[in-house]
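The model shown is predicted, which means the values in this text are computed figures rather than measured ones. Convention: sequence-line order gives letters A, B, ...; per-chain numbering from 1.
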Amino acid sequence: MTELIADVAIVGSGIAGTLIASKLLKHGLSVILVEAGRDNEARQQDVSTYLVSAFKGPGVPYPPERNRDWTEAGAQNARVIGRPSVLDASAKEWSDPDRNYLDQRGPQAFASSYERTVGGTGRTWLGVALRLLPSDFRMRSRFDRFVDWPLSYDDLTPWYEQAEMALGVAGCTRTQAYAGVSFSDGYEYPNPAGEISYLDKYMQHHFAETLGGRTGTITATPSARNSRYFDGRSPCIGHGSCIPICPVNARYDPASTLQNLKRYRTLDLRTCCVAHEIQIDSVGRITGIEAIEYDASSGHPNRRVRIEARRYVVAANGIESPRLLLMSRNGGRSANGIANSSGAVGRYLMDHPNIVTWGLLPEAVYPYRGPHSTSGLESFRDGEFRHNSAAFRVEIGNSGWGYPVGDPFITAVDFLIGSDHSGLNPERKRLSGEEYWQRLNYFLTRQVYLGFEIEQAPIWDNRVVLSEYFDGLGLQRPRIHYAFDDYTFAGIRHAREVCRSIFAGLGGREYTKPDGRASGTTVTDPETEERIQYFGCGHIAGTLRMGQSKSDSVVDATLRTWDHPNLYLVGSSVFPTIATANPTLTIAALSLRLADHLLAEIGG
Amino acid sequence: MSIAPVGELDKRHLFVEAGVALLRHLGIEANSRDLGPETSAFLHEAFERAQQDNPKAALHLAQSLIKSGAYSLLGERDSSGPQSEVALLATAVIAYLVTGRWGDAATFDESVSPADRSPMVHASIGSDRSYGKALVWVFAQATPVGVSTSFSTRWSEPPIQVRERLSHWLHE
């Protein structure tokens with residue numbers, strides 16, 4: 001077994017692991033960064049892979065490719081580490097562990113995916129960089145719901161500012177100062193606000209006009225997409241493919257940061273290296289991490305490595321991090337995994353269920369241009385209703401019906417062959433000539449979609465455990481138990497009401513209909529019996545919750561595990577509640593705060 | 001299955017003529033001289049792809065285009081009686097030109113009810129060029145997602161008109 005030694009060992013090279021490594025390296029510490037996936041330096045090749053892929057969703061350009069044979073023989077033959085795909089959750093076989101990486105036990109499908117490659121899921125994010133609201137940290141105190149975070153908005157503010165600088169966030173403090181959000185005196189985002197879309201402007205104008213401002217206004221979304229040359233990266237020129245890849249690197253990508261960090265001789269980046277056991281001594285200190293290295297081409301395991309460090313950080317994601325902790329049985333001395341004296345490891349799994357709605361507006365708004373989303377309706381992120389009903393934010397989508405329907409292609413084919421998969425051709429007409437493309441032009445330029453991203457309640461029974469099914473390296477895969485509770489359903493109902501108001505107010509027409517084939521991600525609201533289809537947001541949270549007590553949480557406010565003094569956990573997995581902001585900026589802020597804590601502890 | 005070139009005709013010329021016929025089906029008046037090199041190459045690639053995926057039908061299509069003209073051929077699908085393999089392929093080629101995607105027979109087979117036909121979501125994309133130059137982006141006055149074009153910038157303003165985009169498409 002090969003032994004590796006450094007000041008700090010970090011598992012996971014996503015945004016959290018990369019930002020921590022960056023800060024520690026700059027202060028003279030040595031870092032071993034362990035990444036289960038492969039290195040991936042050829043951006044243009046990734047872009048080409050994306051362009052010729054029929055499916056344009058998350059994960060497309062990156063290895064490992066989606067594997068549909070997870071039988072024992074299939075896993076061994078493939079020798080793959082595996083990962084979920086958003087296509088898995090919507091497939092008819094969503095709960096078949098022989099067909100999917102995740103062993104999903106329902107009753108509902110967990111609809112999000114993640115990447116296992118250098119840069120992690122940070123390679124495939126939209127760039128939305130919203131801060132949490134002050135009240136999001138105080139759900140118990142303000143709304144008598146769930147728990148408070150063990151830190152406040154004010155506590156995190158200095159690191160929000162650092163995170164915004166590190167990611168190159170473009171935004172406007174004036175428009176973001178709502179619902180109690182405040183900024184330090186004289187503070188401005190590092191990039192000026194980016195260009196909003198024609199659709200955004202239309203919505204801003206007509207929303208206020210038709211609804212009389214009763215339910216708020218449309219606000220440009222702060223985003224880690226350059227609005228000018230910044231940090232050696234180009235400004236956004238509107239490819240619209242932030243998820244999964246920005247061809248010009250305008251959207252922050254941790255893989256690019258890692259490329260720059262390779263100049264540090266004190267960085268040991270271990271790719272194709274799967275950590276599978278964190279080892280402890282008799283008093284609970286971490287003594288090392290064992291990992292398997294595999295060949296990038298064949299997938300065959302090469303050798304075992306043992307990593308020793310003064311401090312250990314697990315920064316994988318909300319599913320792989322608890323999986324690693326649960327796999328760390330230490331020959332039975334930690335049979336329930338490590339850091340798990342509370343029993344909370346893997347519990348409280350959350351996401352933002354995305355209730356995607358779509359329709360036509362009465363005028364052309366010219367979607368399919370610019371970034372996927374450039375503004376949102378933030379008015380429902382907070383309010384007294386949170387005593388009883390989940391909050392949500394509304395993402396205004398610039399990509400027409402591409403996300404929910406597969407347009408512009410589906411409508412084009414519908415009017416060519418006389419089908420009606422889009423819902424726009426109920427008479428199943430076949431058109432040709434100018435009539436054909438004028439009809440397409442009419443519909444495609446009026447399409448809008450709204451994504452209602454719901455604050456999901458932290459529920460004890462929503463959890464990640466170890467499956468009896470194995471990956472290509474012989475490691476237990478994750479098993480998922482997942483469902484919505486009444487609080488979450490109440491938020492979904494509220495969102496549906498707001499959606500109907502928006503379309504009515506704008507004089508548009510909603511065309512939302514659940515995909516009958518998406519059995520795992522279609523649920524019936526128990527109160528209204530409405531069939532609702534949801535998507536995942538990739539915001540996997542809660543499974544290593546941060547708290548004020550060892551009895552009901554996994555880490556304290558510094559992100560140190562209660563049970564092991566030299567082990568830290570970071571990512572959205574430590575969020576006690578998920579609130580409504582996309583989590584990346586808060587992950588980045590917590591990561592930079594943790595890096596400062598480690599520097600204070602072990603110097604630099 | 002390997003298919004020899006059709007007679008002694010220049011294949012590229014054949015494909016371009018076929019493309020013109022297909023454009024006519026879309027109501028776009030064009031002749032081969034109107035097509036710029038990029039568009040010609042795109043059409044060439046489209047037909048190469050057709051030949052790879054359904055070589056027998058592609059050969060029939062090419063021969064028919066020469067013998068009787070594509071326009072009348074494409075009208076065949078509106079006549080009574082069973083749909084011919086050639087007409088099926090013609091529809092597939094139009095769909096390819098419009099969407100950049102090559103669907104399987106289930107997408108276009110009229111013996112299958114429209115509701116059951118493949119919605120073409122996961123149909124294969126011929127190449128990054130077929131994707132980027134798909135006519136549907138022109139009809140949407142939009143930008144191919146992931147592709148930088150001369151129409152990529154200023155998404156806060158209305159795009160140029162669809163007829164102007166069509167003209168660009170033909171000549172670029």
Side-chain angles (χ1 to χ4, degrees), chain A residues 47-48 50-56 195-201 237-241 245 247-248 364 366-372 374 398-400 402 405-414 416-422 425 428 430 432-438 440-441 443-445 447, chain B residues 24-28 74-75 77-78 91 94-95 98-103 107-110 112-132 134-149 151-159 162 166:
Chain A
V47 172
S48 296
Y50 168 74
L51 292 179
V52 299
S53 169
F55 175 62
K56 301 290 187 198
E195 181 179 353
I196 61 172
S197 68
Y198 184 81
L199 167 64
D200 293 337
K201 294 200 293 190
I237 54 173
H239 283 84
S241 60
I245 189 166
V248 298
Y366 307 111
Y368 302 104
R369 300 183 310 143
H372 177 73
T374 41
N398 295 328
S399 53
V405 174
D407 255 357
F409 309 107
I410 300 305
T411 298
V413 174
D414 274 346
L416 184 65
I417 66 173
S419 56
D420 188 33
H421 296 287
S422 63
N425 189 20
R428 302 186 190 283
R430 290 187 307 185
S432 63
E434 189 149 338
E435 189 181 12
Y436 172 71
W437 59 262
Q438 287 209 346
L440 288 187
N441 180 247
F443 283 137
L444 296 177
T445 56
Q447 291 181 345
Chain B
R24 249 184 238 144
H25 178 75
L26 296 169
I28 302 166
L74 292 168
R77 67 178 186 161
D78 293 324
T91 308
I94 295 171
V98 173
T99 67
R101 295 173 181 226
W102 187 250
T107 306
F108 308 106
D109 187 349
E110 294 190 5
V112 178
S113 81
D116 293 333
R117 286 183 209 162
S118 163
M120 218 177 175
V121 172
H122 301 303
S124 66
I125 290 177
S127 68
D128 51 3
R129 194 169 54 178
S130 75
Y131 167 73
L135 271 164
V136 73
W137 301 115
V138 177
F139 301 152
Q141 296 174 257
T143 306
V145 177
V147 178
S148 180
T149 74
F151 305 100
S152 294
T153 54
R154 305 300 303 171
W155 48 91
S156 62
E157 302 299 327
V162 63
L166 268 171

Is any NZ, NE, NH1 or NH2 atom of the basic residue among Lys201(A) and Glu157(B) found under 4.0 Å from an Asp or Glu carboxylate oxygen of the other? yes
For Pro367(A) against Gly400(A), the heavy-atom pair lying closest together: CB-N, 3.6 Å
Part of [X] lying under 4.5 Å from any heavy atom of chain B:
| X | answer |
| --- | --- |
| Gln447(A) | neither |
| Ser53(A) | backbone |
| Pro247(A) | side chain |

Sort Val162(B) into side chain, backbone, both or neither according to what part of it lies under 4.5 angstrom from a heavy atom of chain A. side chain
Determine whether Trp437(A) and Leu444(A) make a side-chain contact, defined as any pair of heavy atoms from C-beta on separated by less than 4.5 Å. no
Taking C-beta and beyond as the side chain, do Trp137(B) and Val145(B) meet within less than 4.5 Å on heavy atoms? yes
Residues which pass ring pair (Phe, Tyr, Trp, His ring centres under 6.0 Å) with Tyr366(A), listed by chain and number, not counting sequence neighbours: Tyr198(A)
Of all of Gly240(A), Gly418(A), Pro408(A), which one pairs up most often with chain B through heavy atoms under 4.5 Å apart? Pro408(A)
Against chain B, work out which of Thr445(A), Ile196(A), Thr411(A) has the most heavy-atom pairs shorter than 4.5 Å and name it. Ile196(A)
